[in-house]
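Since the structure comes first, as structure tokens, the remarks are kept for the end.
Remember, it's 1-based here, ligands and their atoms both numbered in the order they're listed.
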Amino acid sequence: MIQRTLVLLKPDAIQRSLIGRILQRFEDAGLKVVGMKMNWIDKEFAKKHYTEDITKRRGEQVRKALIEYIVTGPVLAICLEGIDAIEFVRKMVGTTEPKTAQPGTIRGDFTHQSYGYADAKKIAIKNLVHASGSEQEAKEEIALWFSKEELHSYKTVHEAHTL
Ligand code: ADP
Ligand code: MG
């Protein structure tokens, strides 16, 4: 099934100048960029992205720390399209904790922070990338970050050649 998913390069990815290398991985895998923009969001917007669902799953302290982290610099919002893109992009991004994320994943290759370290410091885990976790999340997050006019349908040369 062709799906669209939301990826955010969080402030640490931008500040570490990793935009090109991370985007390259998605393009190399055949995913199509259908929307992209840089935004420096405020806390009000951050609360719409990191909803009460985070509190339920991770606790109030994590949500508070996340909201503080995501506003520390600009974020690159990317809408990617591809076959089973939601699950596939999550695989490429890796599991939440960098310390245990598999090598070969974005988090596993570029970061090494642990839950223990982040929790002791009362900070959010710096793991470079957000990726929608389910169809429902993707739908809500794409609608939050992009207007209809900011999302584009076009053919890559690979698709055009198969016509
Ligand atoms: P994911 O980003 O892998 O989907 P979650 O949606 O559960 O993970 O959490 C959102 C973000 O919150 C994570 O990417 C990470 O930055 C941060 N986070 C999650 N759990 C913790 C924790 N125990 N301590 C600090 N930060 C956390
Ligand atoms: Mg998540």
Side-chain angles (χ1 to χ4, degrees), residues 1 3-19 21-26 29 31 33-146:
M1 191 182 29
Q3 293 179 331
R4 286 182 171 184
T5 189
L6 181 85
V7 166
L8 299 178
L9 303 197
K10 302 193 216 182
D12 48 328
I14 312 296
Q15 288 158 7
R16 289 183 52 196
S17 305
L18 288 171
I19 295 173
R21 292 172 79 186
I22 294 173
L23 261 179
Q24 185 73 63
R25 289 181 171 221
F26 294 126
L31 292 158
V33 175
V34 296
M36 183 155 68
K37 64 177 172 188
M38 192 183 248
N39 262 8
W40 194 329
I41 61 169
D42 59 17
K43 284 193 178 176
E44 204 179 314
F45 189 94
K47 285 180 190 161
K48 291 184 189 161
H49 178 75
Y50 288 125
T51 62
E52 284 297 333
D53 172 62
I54 295 280
T55 314
K56 279 188 215 131
R57 292 190 296 108
R58 301 283 193 180
E60 190 53 46
Q61 187 193 299
V62 168
R63 183 173 182 232
K64 191 169 168 279
L66 258 179
I67 289 166
E68 274 165 26
Y69 157 42
I70 200 78
V71 302
T72 55
V75 165
L76 193 73
I78 308 157
C79 183
L80 293 175
E81 187 180 276
I83 300 161
D84 296 334
I86 298 165
E87 187 188 343
F88 183 74
V89 166
R90 293 281 292 189
K91 182 188 78 169
M92 292 187 71
V93 167
T95 49
T96 308
E97 185 192 32
K99 180 186 159 191
T100 47
Q102 288 295 309
T105 64
I106 295 166
R107 288 169 174 170
D109 283 352
F110 293 111
T111 56
H112 73 281
Q113 210 173 69
S114 68
Y115 281 135
Y117 181 84
D119 291 347
K121 294 245 169 192
K122 291 191 166 45
I123 56 169
I125 283 233
K126 304 276 184 308
N127 57 10
L128 301 172
V129 180
H130 165 85
S132 306
S134 64
E135 277 185 52
Q136 185 61 25
E137 245 184 53
K139 197 171 148 225
E140 290 169 5
E141 292 175 355
I142 292 167
L144 175 66
W145 284 86
F146 290 97

Give a yes or no on whether the ring-centroid distance for W40 and F45 is below 6.0 angstrom.
no
Would S134 and E137 count as having a side-chain donor-acceptor pair, cut-off 3.5 Å? no
Does the T5 side chain pair with the main chain of A138, one donor and one acceptor, at a distance under 3.5 Å? no
In short, salt bridge (charged side-chain N to carboxylate O under 4.0 Å, His left out) pairs touching residues 106-127 with sequence neighbours left out are R25-D109
side-chain hydrogen bond (donor to acceptor under 3.5 Å, both in side chains) filter on K10, not counting sequence neighbours, yields N127
Distance filter under 4.0 Å, heavy atoms only, around ligand 1 gives K10, I54, R57, R58, V62, L66, R90, T96, R107, Y115, A118, D119, I123, A124, I125, N127
Sequence neighbours excluded, the answer for ring pair (Phe, Tyr, Trp, His ring centres under 6.0 Å) partners of H130 is H49
